Protein chains: 2
Amino acid sequence: MNTTQFSIGQLAKQVKCKVETVHYYEKSGLMPEPPRTEGGHRIYALSHIKRLNFIRRCRELGFSIKQIRELLKFIDEPDHYCGEVKAMAMLQAREVQQKIDDLTRLKLALNEMVGQCKGSGYSIDDCPIIDALYIENNQLS
Amino acid sequence: MNTTQFSIGQLAKQVKCKVETVHYYEKSGLMPEPPRTEGGHRIYALSHIKRLNFIRRCRELGFSIKQIRELLKFIDEPDHYCGEVKAMAMLQAREVQQKIDDLTRLKLALNEMVGQCKGSGYSIDDCPIIDALYIENNQLS
DNA sequence: TCTTGAACCTGTAGTTACTATAGATTCTAT
DNA sequence: ATAGAATCTATAGTAACTACAGGTTCAAGA
């Protein structure tokens, strides 16, 4: 009868998140309502650790709660196909690449500024940082 | 007397954000309190468009309001000592680099997962993306 | 067994960066 | 002059947590 069980605190510790976060995920419908002790304390099993870990990893990867609910549907209702999961991951990857590109430009601008800084400040009209980011707008208009 | 002026609506439209967001940035101290008409409507100039655009771009890049306030100090208080400005710019650049690194890892993880997934060939039970995120946990226990 | 004190419970409030709504006022174009 | 679009202020709602408050339960030591 050694079916390993966990308190919410142990669960949270395993996955390195806060107890309140687990509560929140339960309220949000990502984590199920687990069985309780006589006194009302939540009892978790290994599968819950797996699930919570999945949720946390997805959050780190930039998925929203809503998106994760979608992903979990694939697990909970296995009538879905893997292709949907793949599509979501690809979309996410594209957005991440976009952010990387933008940040790279910003970093170049910052470095440029460091190089150009000679003690006199820039006015709003010729600040290399502002200009670096303003380009975006010119292209649009 | 053709100093181009803009209403808050025109400003927002230019930068593709909501009027309320401009209000919010004013309250947050990112946008200045502009001159008003007799009746109290805000009047903006070109420099405000530039500034708002900069703020929006920075937000897209993951900077917090607080960080953007720091960045804007470069422009608003150009009397900083050169060394001070350089230090701030370099610190920002380091943070940006950190973000780039994080996002790069994230993208690799996503791409790896996508690459391992054929798409629509099989059901959720053997979807490598789901597996990839579950595995993480096994390593911990 | 009895008793602390840590962990847990529910519920509400605070956080960030907006977004939406309400009700009043102002601007603009016919 | 007047309709209606845009603006004004102020407040409430959103996402994804985080942090209390104030009570109850659990586990370990005396």
Side-chain angles (χ1 to χ4, degrees), chain A residues 4-45 48-49 51-72 88 92 95 99 102, chain B residues 4-45 48-49 51-72 95 99 106:
Chain A
T4 23
Q5 298 186 156
F6 307 91
S7 69
I8 195 169
Q10 293 170 319
L11 174 69
K13 198 169 187 179
Q14 279 285 324
V15 185
K16 294 193 179 76
C17 78
K18 303 261 161 71
V19 167
E20 291 92 340
T21 307
V22 182
H23 283 155
Y24 174 72
Y25 288 155
E26 189 178 317
K27 265 181 268 174
S28 308
L30 297 190
M31 289 296 284
E33 291 181 20
R36 306 272 187 136
T37 64
E38 289 287 299
H41 286 199
R42 290 168 178 81
I43 302 167
Y44 292 101
H48 293 112
I49 295 191
R51 192 182 181 92
L52 179 58
N53 190 72
F54 178 75
I55 295 166
R56 289 308 294 164
R57 288 282 292 137
C58 285
R59 288 291 302 127
E60 281 171 28
L61 294 177
F63 288 95
S64 69
I65 297 288
K66 206 172 159 189
Q67 285 177 311
I68 296 170
R69 228 181 333 247
E70 288 298 302
L71 285 168
L72 286 171
M88 283 177 72
Q92 201 65 20
E95 273 173 33
K99 268 184 195 160
D102 286 348
Chain B
T4 24
Q5 298 185 155
F6 307 92
S7 70
I8 195 168
Q10 293 170 318
L11 174 69
K13 197 168 188 180
Q14 279 286 325
V15 184
K16 294 194 179 73
C17 78
K18 303 261 160 71
V19 166
E20 292 90 342
T21 306
V22 182
H23 284 155
Y24 174 73
Y25 289 155
E26 189 179 317
K27 266 181 266 173
S28 307
L30 297 190
M31 290 295 284
E33 291 181 22
R36 306 272 187 134
T37 64
E38 290 286 299
H41 286 198
R42 290 167 177 81
I43 302 166
Y44 292 101
H48 293 112
I49 295 190
R51 191 183 181 94
L52 179 57
N53 190 71
F54 176 75
I55 294 167
R56 289 306 296 162
R57 292 283 294 129
C58 284
R59 287 291 303 127
E60 281 171 29
L61 296 177
F63 287 93
S64 68
I65 297 288
K66 206 172 159 189
Q67 285 177 311
I68 296 170
R69 238 189 313 259
E70 287 298 302
L71 284 168
L72 285 171
E95 269 176 40
K99 266 184 200 157
L106 202 150

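Here the structure is a predicted model, which means the values were calculated and not measured. Sequence lines set the chain letters: A, B, ... in the order given, protein chains first and strands last, and positions in each chain run from 1.
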Is there a side-chain polar atom (N or O) of [X] under 4.0 Å from OP1 or OP2 of [N]?
{"X": "A:Arg42", "N": "C:dT10", "value": "yes"}
{"X": "B:Arg59", "N": "C:dC18", "value": "yes"}
{"X": "B:Arg36", "N": "C:dT25", "value": "no"}
{"X": "A:Arg56", "N": "D:dC17", "value": "yes"}
{"X": "B:Ser28", "N": "C:dA17", "value": "no"}

Exercise for the section: State whether A:Arg42 and A:Glu33 are salt-bridged, where the test is any N-O pair (Lys NZ or Arg NE/NH1/NH2 against Asp/Glu carboxylate O) under 4.0 Å. Expected result: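 No salt bridge links A:Arg42 with A:Glu33.
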Identify which nucleotide among [options] has an atom closest to any side-chain atom of [X], counting heavy atoms from C-beta outward.
{"X": "B:His23", "options": "C:dC9, D:dC8, C:dC18", "result": "D:dC8"}
{"X": "A:Glu20", "options": "C:dC9, D:dC17, D:dT18", "result": "D:dT18"}
{"X": "A:Ile8", "options": "D:dT7, C:dC8, D:dT9", "result": "C:dC8"}
{"X": "A:Lys18", "options": "D:dT7, C:dC8, D:dT18", "result": "D:dT18"}
{"X": "B:Lys27", "options": "C:dC9, D:dC17, D:dT11", "result": "D:dT11"}
{"X": "A:Tyr24", "options": "C:dC18, D:dT7, D:dT18", "result": "D:dT18"}

Whole angstroms only, please: what is the [atom1]-[atom2] distance between [X] and [N]?
{"X": "B:Glu38", "N": "D:dC8", "atom1": "CD", "atom2": "C1'", "value": "16 Å"}
{"X": "B:Ile55", "N": "C:dC18", "atom1": "CD1", "atom2": "C1'", "value": "14 Å"}
{"X": "A:Lys13", "N": "C:dA6", "atom1": "NZ", "atom2": "C1'", "value": "12 Å"}
{"X": "A:Tyr44", "N": "C:dA7", "atom1": "OH", "atom2": "C1'", "value": "14 Å"}
{"X": "B:Phe63", "N": "C:dC18", "atom1": "CZ", "atom2": "C1'", "value": "19 Å"}
{"X": "A:Gln5", "N": "D:dA27", "atom1": "CD", "atom2": "P", "value": "11 Å"}

Exercise for the section: Name the nucleic acid region contacted by B:Ser64, choosing base, sugar-phosphate or nothing; use a 4.0 angstrom heavy-atom cut-off, strictly under. Expected result: sugar-phosphate
Please report the closest heavy-atom contact between [X] and [Y], naming both atoms and the distance.
{"X": "B:Pro32", "Y": "B:Glu26", "result": "O-CG, 3.9 Å"}
{"X": "A:Cys17", "Y": "A:Leu52", "result": "SG-CD2, 4.1 Å"}
{"X": "A:Phe6", "Y": "A:Leu11", "result": "CB-N, 4.4 Å"}

Handout entry: Nearest-nucleotide comparison on DNA chain D, the residue closer to the 5′ end among A:Thr21 and A:His41
Key =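 Nearest-nucleotide comparison on DNA chain D picks A:Thr21.
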Exercise for the section: Return the 5'-most residue of the pair A:Tyr25, A:Gly39 with respect to DNA chain D, ranking by each residue's nearest nucleotide. Expected result: A:Tyr25
Problem - Nearest-nucleotide 5' precedence on DNA chain C, A:Gln10 against B:Thr37 - result: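 The residue mapped nearer the 5' terminus is A:Gln10.
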Exercise for the section: Given side-chain hydrogen bond (donor to acceptor under 3.5 Å, both in side chains), test B:Arg51 with B:Tyr25 step by step and report yes or no. Expected result: CA-CA 11 Å; B:Arg51 191 183 181 94; B:Tyr25 289 155; over 6 Å; no
